[in-house]
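Everything on this sheet refers to the single structure shown next.
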Amino acid sequence: MFSQRRYVILLKISFAPLRLCEILTIPSFMNYHFNEIEKKWQDYWAKNQTFKAENNSTLPKYYVLDMFPYPSGAGLHVGHPLGYIASDIYARYKRHKGFNVLHPQGYDSFGLPAEQYAIQTGQHPALTTEENIKTYRRQLDQIGFSFDWSREVRTSDPSYYKWTQWIFIQLFESWYNNDTNKAESIETLTALFASEGNKNVNAVCDDHIESFSASDWNAFSSEKKQEILLKYRLTYLAETEVNWCPALGTVLANDEIVNGVSERGGHPVVRKKMTQWSMRISAYAERLLQGLDTIDWTESLKESQRNWIGKSVGAHVEFRVQSSEFRVSVFTTRPDTIFGVSFMTLAPEHDLVSKITTSEQKQKVEAYIQATAKRSERDRMSDVKKISGAFTGAYAEHPFTKEAIPIWIGDYVLAGYGTGAVMSVPCGDQRDYDFAKHFNIPIPNIFEGVDISEEAYVSKDNVIIANSDFLNGLSYKEATKKVISELEKLNQGEGKTNYRLRDAVFSRQRYWGEPFPVYYVNGMPQMIDKKHLPIRLPEVEKYLPTETGEPPLGRADVWAWDTEQCSVVSNQLIDNKTVFALELNTMPGWAGSSWYFFRYMDAHNDEAFASEESLSYWKDVDLYIGGSEHATGHLLYSRFWVKFLKDRGFVSIEEPFKKLINQGMILGTSALVYRIEGTQKFVSKNLIGDYKVQEIHVDVNFVNASDEMDIEAFKVWRSDFESAEFILEDGKYIVGREVDKMSKSKYNVVNPDSICEQYGADSLRLYEMFLGPLEQAKPWNTAGITGVNGFLKKLWKLYVGDNGLNVTDSEPTPDNLKTLHKTIKKVEEDIENFSFNTSVSTFMIAVNELTAQKCTSKAILEPFLVLLSPYAPHITEELWSQLGHDESISRASFPEFDASHLVESTKNYPISFNGKMKFTLELPMDLSAAEIEKAVMAHEKTMAHLEGRTPKKVIIVPGKIVNIVG
RNA sequence: GCUCAAGUGGUGGAAUUGGUAGACACGUUGGAUUCAAAAUCCAAUGUCGCGAGACGUGUGGGUUCGAUUCCCACCUUGAGUACCA
């Protein structure tokens, strides 16, 4: 692993470089020249469109998809292709197994980094994106993926985002009917309104919608109607409190915020009221939850979606506020504890606060509200433990006892969840308990035989309610049922299910995203007619949003859409009599990625996002591979859009991704050198001792497999190290190691280009799989690649000898057959279970065995190539063609496993035990009678324990029972 | 705090209806080849012990003829989530 430079020096000082001689004197076909082979077959595949998938076939379909990449400027490092290699192996395997495989690739090419780069350099994001895609494509091509590039999609391509805009219009023209439990055309809603008003409409919609009759509706003005409908549409415009990130100049969705700061850049985020487009994903909360049970995803991923959806079952309860008209409505999961309520708490932002606060308490309450408003989201999160609050002076009335309950405000109650108010039961909730203790509020105990002197009793299990009138003696379940029915009688509550899932904000104040197909007339949003799509991004002079949040599209004078309607809607005509204005926000990053898997089915369709035929043929993604960072973003939004498209009859599937695998991240192994503080002396790792040293990351390419650093390369690396001195151990400088994320700043990035150059793509593919289990995070270490590289060289030698091809028509020996068939069995099992790492070992063992057996039989060596070809497609393709095949090896079918080649010749030894039970011992033929005797004797005791069980077949080897077969 | 996942040699990791722990690879050591290096090949390589042998899968218990595997408690690490009523 020495650098190229060092290698050149070695060549120079050696006057008879043997390697060159070898190359000069020996015919080239004898050695494994991966560079030539890989180039040759990559060109062949491209030219022959070997992996082009057809939309109709008598073969069964199989759709293997990777999460498409965002083409960043840095290009690929060795961590990126991991998932692509795994999916490629699976796709190639499925082709061998006789499936019509769809395995496409594309780019999620709208996004913030291209825009940031544009802001800094003034270069148009489309240009940098194009450049980056070229680099990605070159890097992907050299790894030998079997993608069908004829179906490539780019989310920033107008012919693609035309359909993203189209789907947006569909969402706008739909509402969610709870009675039919699906989205319907907005026309069915207006028909209902016109015939019976909104009394009987059971829709997912905004809160606080006034009720109206049919005649009211028919009398409403057009604007009024639009305003009402907006509250029902699946994408709607609303003034909501959003996560505003001033540094990025845009709003962020909940899943784009990590620990109170923006996921990208780590900038602070504040709450701000803005008018924004939102997606009514909450309508689908229950179906998104239920659907998880029908798909084959990892439990942990399902769990994080379940947490995100956050279903909680409980009750909605209303408390009258004494001597006023107001009611405080709360959501609780513990209605059974209603007799334990000793106070109520409202979020400081709650609407009622200003209305019910008494004049004596006004000053304190206002001071408290101001103090909490000042604290950012992050501060509020960081001192969770601090208890604070204020008494409003108002009292609520208990629905059953009619006792007065003081109403407090406190910032431990969140305005955004439930109703923003809670009924506080200190004996049953720890936060209520702490609050009560802090403000000396009574803590009545309503649990039988439970000590609450130190903390609240929060468990729902093994609890008997006491001191609770008609609930006494009941369990949690019984009491909950009972109290809900009593509340319903009083018309002061009902059973309710709450979800944590919020509607998703869909507007971004950015340039590099999909424009909305929207214009406004008198403030009301209108969809631009579908025939004018796509609405293209206009040219602007500056890509930066303004500080106040005005989107960069506002700078556009001319919109690049040359239709009649354009001239009507264009901003230039804003002074006309009717005021038209375009929507200037763009869509968020997840818009384009929420449906791209359908576009691959029919990527060039101009009439629809995909034809009905292609949609009904390919249906859904059978296998989806990608990182787990999309658990609550992309994977949830995609499922939402698919369910919506199904409801409206555009697709026939309920879930887009049948099986999903998260590949683990490949980490970098950083190398560290130790500089003695204040000097230019570097001390080798094991000699640090008492020196005070400073750790410095050094380029991993200067370090070999035994952690020895190339000192010369280090010195020329950076000018300030030119005069470096070294304290060596055994003449070597040994570096320290540390595992980090791969990043430029740690100098631990390994580029697939240089790996392909030095060892070849087949080695890279095998090694990435060999590193460890697909789903696990694991550090990269280039040193180990010599192992798989050596394997490929051995493989080549097995097929190609000094005098040409080693393969003959000779009969395979039983040993040959055994090696082949155990390999078939293992590899097939491994691929089906996605344990690609262990099959690499299996191949190595097989090649060693076949080499030792001096196997030349075509009947063995030919099917063996097919087994290996998903993993190492280039070398197998080359050998396949040398064996005389005209067609690509990818057309060959997977060899059939035949168990008879694995079974040792056996003889059954029926033995009886205690004169009653009979066991059949299957033993290898070559076992001597004495050994059998010994085996049975050694397990006399064991047998005794088996007595009384159903007789079984016992397979044993000397000294041990290996298996008990039922 | 809660939820989930995982702890095995110097390193990455094998081993499941409970049955020879450490496959395979890296690294290390020794040898062959070479003027020399690279490459290649052979051998050794869990720990202790000259050896027979003993010990050994995070810790402590349990079930079992038998536990890396199953159960309980704990410790550690990683990921997600966080005042969700």
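Chain identifiers are assigned alphabetically (A, B, ...) following the order of the sequence lines, protein sequences preceding nucleic acid strands; residue numbering begins at 1 within each chain. Keep in mind that what you see is a predicted model, and the values were worked out from it rather than measured.
Rounded to an integer number of Å, the gap from A/Y499 OH to B/A85 P is 14 Å. Rounded to an integer number of Å, the gap from A/Y476 OH to B/A85 P is 10 Å. In this structure, A/Q305 atom CD and B/U81 atom P are separated by 12 Å, rounded to whole Å. Taking atom CG on A/L667 and atom P on B/A79, their separation rounds to 10 Å, with Å as the unit. Distance CZ (A/R765) to P (B/A25): 21 Å, rounded to an integer number of Å. In this structure, A/D411 atom CG and B/C83 atom P are separated by 11 Å, rounded to whole Å.
Comparing B/A39, B/C26, B/C84 by their closest approach to the side chain of A/T786 singles out B/C26.
A/S628 comes within 4.0 angstrom of nothing in the nucleic acid, heavy atoms only. Here A/K794 lies in heavy-atom contact (under 4.0 Å) with sugar-phosphate atoms only.
Side-chain atoms of A/K854 never come within 3.5 Å of backbone atoms of A/A852 as a donor-acceptor pair (strictly under, hydrogens ignored). Checking side-chain atoms of A/N662 against main-chain N and O of A/E775 turns up no donor-acceptor pair under 3.5 Å.
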For this session: For nucleotides 7-16 of chain B, just jot down a letter per nucleotide in 5' to 3' order: B, S or -, based on protein non-hydrogen atoms under 4.0 Å.
Result: -----BSS--
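Under the rule for a ring pair (Phe, Tyr, Trp, His ring centres under 6.0 Å), the partners of A/Y733 that lie at least two apart in sequence or sit in another chain are A/F726.
The distance between the ring centers of A/F435 and A/F343 falls below 6.0 angstrom.
Taking 90° from 0 as the syn/anti boundary, the base of B/G9 is oriented syn.
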Seminar exercise, completed: Output field dot_bracket for RNA chain B (Watson-Crick or G-U, both distances under 3.5 Å, | for other-strand pairs) contains (((((((..(((......[....)))((((((.......))))))(((....)))..(((((..]....))))))))))))....
